[in-house]
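Worksheet for the structure shown next.
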Amino acid sequence: MAAAGGREPGSSQGAGPGRCDPAPRRPLGPPPGQRPPAAAILCVCVRVPSGGGAPSRPRRSGMARQVLSRPLVTAKWLSEAVRAGRVGPGLRVLDASWYPPQERNARQEFKERHIPGASFFDIEECRDQASPYDFMLPSESHFADYVGRLGVSNDTHVVVYDGDELGTFYAPRAWWMFRAFGHKEVSVLNGGFKNWVKEGHPVTAEVSQPAPAVFKAKLNMALLKTFEEMIQNVVSLRFQVVDSRPEGRFRGTELDQGLESGHIPGAVNIPFRSFLTETGHEKSIEEIQQIFQEKKVDLSKPLTATCRKGVTACHIALAAYLCGKRDVAVYDGSWSEWFHRAPPRYKVSELKRNKA
């Protein structure tokens, strides 16, 4: 990820908020037999062919058996959960904001204003601090210890958000991290803190102190790609590669914080903002599917996402998940690692080609 100052701006396409059939798999809070408001939770209901192909249009019959873990929750649903006092061991809210230090102070902003009951998920702490590359996944024990101190157990429904001006920026990274370490009940707050405030939901400066919990982490290597696997794929083409950076960075015509840009051979470019509406919500499933189709990305086949630092690549994973594809891997090192380790012939750049 990253543009000047560590960000990854891209083109924005307007549309209404993401839509899908509401059918929560496991209601939180209400007594047995009582369901949350119908429009409160955004879930993905898909029919996957027996051969593992792309999901078809949702059907009403047998829907409960086809619901995936809820990748998105609405501000309305979360607000009702907060007001009902349901934030606790069964529901934890995490602010995963991160900003370039010269622009904003995420932790300070959290102390001043955040969703009631939320804890701060510090991506600077929850990473492999020995790696030369930014934001690489921590060890299983590091992640388990860190989120356990935030009151998250394996039975907790985790909702992540961030305060980026786009609506959502780092939250999908936290969402993917939880999934990579085996956690299923994790959701992104659709529209982020920006829209939470805009809609008039409560905020507080009171910092909660959640009781520590036990979290057992097991890294799912199917959701992670290493440099070696990416190198092999240049020749084998075993999986598709989608790069979420802005077009100029992908093509190599713009510098990225002084780093020469370009892309991995065979990669397709879909800037992550393509999946967001002008308001900062996720686009509808139909619109997202069309975006992948226009780029000739086949969601029935293996897919890996990459970017600058492994952050906005997680927007690709989230968008595909909304379409029913749960197994998108992320190349954690992304261009930051690829630029420093790949041979020159494996770094595609229009700028270099034009100079030659």
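Excluded from the calculations below are hydrogen atoms, water molecules and symmetry mates; all remaining heavy atoms, backbone and side chain alike, are included. Only a predicted model underlies this, so the values are computations on that prediction, with no experimental measurement involved.
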Pair Tyr331-Glu229, side chain to side chain donor-acceptor pair (under 3.5 Å): steps then yes or no = CA-CA 9 Å; Tyr331 172 29; Glu229 289 173 309; over 6 Å; no
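- For Arg104 and Glu109, the salt-bridge test passes: some basic side-chain N is under 4.0 Å from an acidic carboxylate O.
- Between Met230 and Ile264 the shortest side-chain heavy-atom distance falls below 4.5 Å.
- Of the inter-residue distances, the one linking Thr306 atom OG1 with Glu337 atom CD reads 9.5 Å to the nearest 0.5 angstrom.
- In this structure, Asn233 contributes its side chain and Arg238 its backbone to a donor-acceptor pair below 3.5 Å.
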request  = Could you walk me through whether His315 and Thr168 pass side chain to side chain contact (heavy atoms under 4.5 Å, CB included), step by step?
outcome  = CA-CA 9 Å; His315 284 252; Thr168 299; 4.0 Å; yes
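- Under a hydrophobic clustering in which Ile, Leu, Val, Met, Phe, Trp and Tyr are joined whenever their side-chain heavy atoms come within less than 4.5 Å, directly or via other members, Leu237 and Phe292 fall into different clusters.
- Cluster membership for Trp338 and Phe250, using ILVMFWY side-chain heavy atoms within less than 4.5 angstrom, is not shared.
- Using modelled atom types and a 3.5 Å distance limit, the side chains of Ser139 and Ser141 yield a donor-acceptor pair.
- Contact record, Ile316 with Val242: CD1-CG1, 3.8 Å, taken as the closest heavy-atom pair.
- The distance from the OG atom of Ser349 to the CZ atom of Arg251 is 10.0 Å, given to the nearest 0.5 Å.
- By the 4.0 Å N-to-carboxylate-O rule, Lys76 lies close enough to Glu80 to be salt-bridged with it.
- When hydrophobic clusters are built by joining Ile, Leu, Val, Met, Phe, Trp and Tyr residues whose side-chain heavy atoms come closer than 4.5 Å, directly or via intermediates, Leu299 is grouped together with Leu322.
- Under the 3.5 Å distance criterion, the side-chain polar atoms of Trp176 are matched with a main-chain donor or acceptor of Leu223.
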task = Step by step, work out the side chain to side chain donor-acceptor pair (under 3.5 Å) result for Thr279 and Thr277.
result = CA-CA 5 Å; Thr279 63; Thr277 70; 2.8 Å; yes
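- Using a 4.5 Å heavy-atom cutoff, the side chains of Tyr321 and Val328 are not in contact.
- At least one side-chain heavy atom of Phe215 sits less than 4.5 Å from a side-chain heavy atom of His183.
- Here the closest non-hydrogen pair linking Ser274 and Lys283 is O-NZ, 3.0 Å.
- Of all heavy-atom pairs between Asn154 and Val214, the closest is OD1-O, 3.8 Å.
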query = After noting the C-alpha distance and the side-chain angles of Phe275 and Glu287, does the key distance pass the side chain to side chain contact (heavy atoms under 4.5 Å, CB included) rule?
reply = CA-CA 8 Å; Phe275 299 108; Glu287 289 169 310; over 6 Å; no
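- By the 6.0 Å contact criterion, CZ on Arg149 is enclosed, its count of non-hydrogen atoms from other residues, nucleotides or ligands being greater than 12.
- Aromatic ring centres of Phe135 and Trp98 lie closer together than 6.0 Å.
- For the ring pair (Phe, Tyr, Trp, His ring centres under 6.0 Å) with Tyr161, the lone residue among Phe193, Trp196, Phe110 that qualifies is Phe193.
- Annotation: side chain of Val241 is not in contact with side chain of Val268 (no heavy-atom distance under 4.5 Å).
- The cationic group of Lys301 does not satisfy the cation-pi geometry with Phe239, failing either the under 6.0 Å distance to the six-membered ring centre or the 45° limit from the ring axis.
- Electrostatic pairing of Lys216 and Glu140 does not count as a salt bridge here, judged by no charged N lying under 4.0 Å from a carboxylate O.
- Considering all non-hydrogen atoms of both residues, Phe143 and Pro138 come closest at CB-CG, 4.0 Å.
- Leu72 and Ile291 fall within the same hydrophobic cluster, defined by Ile, Leu, Val, Met, Phe, Trp and Tyr side-chain heavy atoms under 4.5 Å apart, directly or through other members.
- Between the side chain of Lys347 and the main chain of Phe339, a donor-acceptor pair closer than 3.5 Å is present.
- A side-chain donor-acceptor contact under 3.5 Å links Asn105 to the backbone of Gln108.
- A salt bridge links Glu228 with Arg341: the closest approach of a Lys/Arg side-chain nitrogen to an acidic carboxylate oxygen falls below 4.0 angstrom.
- With salt bridges taken as basic N to acidic carboxylate O contacts below 4.0 Å, one links Arg107 and Asp122.
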task = Go through the steps to decide whether Asp155 and Ser153 satisfy the test side chain to side chain donor-acceptor pair (under 3.5 Å), and finish with yes or no.
result = CA-CA 5 Å; Asp155 296 323; Ser153 74; 4.7 Å; no
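- By the 4.5 Å heavy-atom criterion applied to side chains, Val330 and Thr304 are not counted as neighbours.
- A side-chain donor-acceptor contact under 3.5 Å links Ser236 to the backbone of Gln232.
- Looking at Val93 and Leu78, their side chains come closer than 4.5 Å, going by heavy atoms from C-beta outward.
- Between Phe121 and Met177 there is a side-chain heavy-atom pair separated by less than 4.5 Å.
- A distance of 12.5 Å separates CG of Leu318 from OG1 of Thr312, quoted to the nearest 0.5 Å.
- Between the Tyr99 side chain and the Gly163 main chain, a donor and an acceptor come within less than 3.5 Å of each other.
- The distance from the CZ atom of Arg245 to the CG atom of Asn269 is 8.0 Å, given to the nearest 0.5 Å.
- Remark: side-chain polar atoms of His281 are not paired, donor with acceptor, to backbone N or O of Gly191 under 3.5 angstrom.
- For the pair Lys325 and Asp327, the salt-bridge criterion is met [side-chain N within less than 4.0 Å of a carboxylate O].
- Looking at Gln240, its side chain never comes within 3.5 Å of a backbone N or O of Gly266 through a donor-acceptor pair.
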inquiry  = Quick one, Asp243 with Phe272, criterion side chain to side chain contact (heavy atoms under 4.5 Å, CB included). Give me CA distance, side-chain angles, the key distance, then yes/no.
reply    = CA-CA 9 Å; Asp243 192 316; Phe272 78 97; over 6 Å; no
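- Inter-residue side-chain proximity for His114 and Val207 is flagged as met; some heavy-atom pair is nearer than 4.5 Å.
- Atom CD1 of Ile270 is separated from atom CD1 of Ile288 by 10.5 Å, given to the nearest 0.5 angstrom.
- Between Pro116 and Thr204 the shortest heavy-atom distance is CA-CG2, 3.6 Å.
- Side-chain atoms of Arg179 never come within 3.5 Å of backbone atoms of Trp175 as a donor-acceptor pair (strictly under, hydrogens ignored).
- With values rounded to the nearest 0.5 angstrom, Ser244 atom OG is found 13.0 Å from Arg273 atom CZ.
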task = Applying side chain to side chain donor-acceptor pair (under 3.5 Å), run through Glu286 and Gln290 and close with a yes or a no.
result = CA-CA 6 Å; Glu286 292 78 11; Gln290 183 176 358; over 6 Å; no
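- Annotation: cation-pi pair Arg249/Trp335 absent, no NZ/CZ under 6.0 Å from the ring centroid and within 45° of its normal.
- Residue Met136 is not grouped with residue Val311 when hydrophobic side chains (ILVMFWY) are merged at heavy-atom distances under 4.5 angstrom, including chains of intermediate members.
- The two atoms that bring Leu137 and Arg173 nearest to each other are N-NH2, 3.8 Å, heavy atoms only.
- Remark: the backbone N or O of Phe169 is paired with a side-chain donor or acceptor of Asp162 at under 3.5 angstrom.
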task = For the pair Ser208 and Ser119, evaluate side chain to side chain contact (heavy atoms under 4.5 Å, CB included) and give the outcome as yes or no after the intermediate values.
result = CA-CA 7 Å; Ser208 62; Ser119 297; 4.1 Å; yes
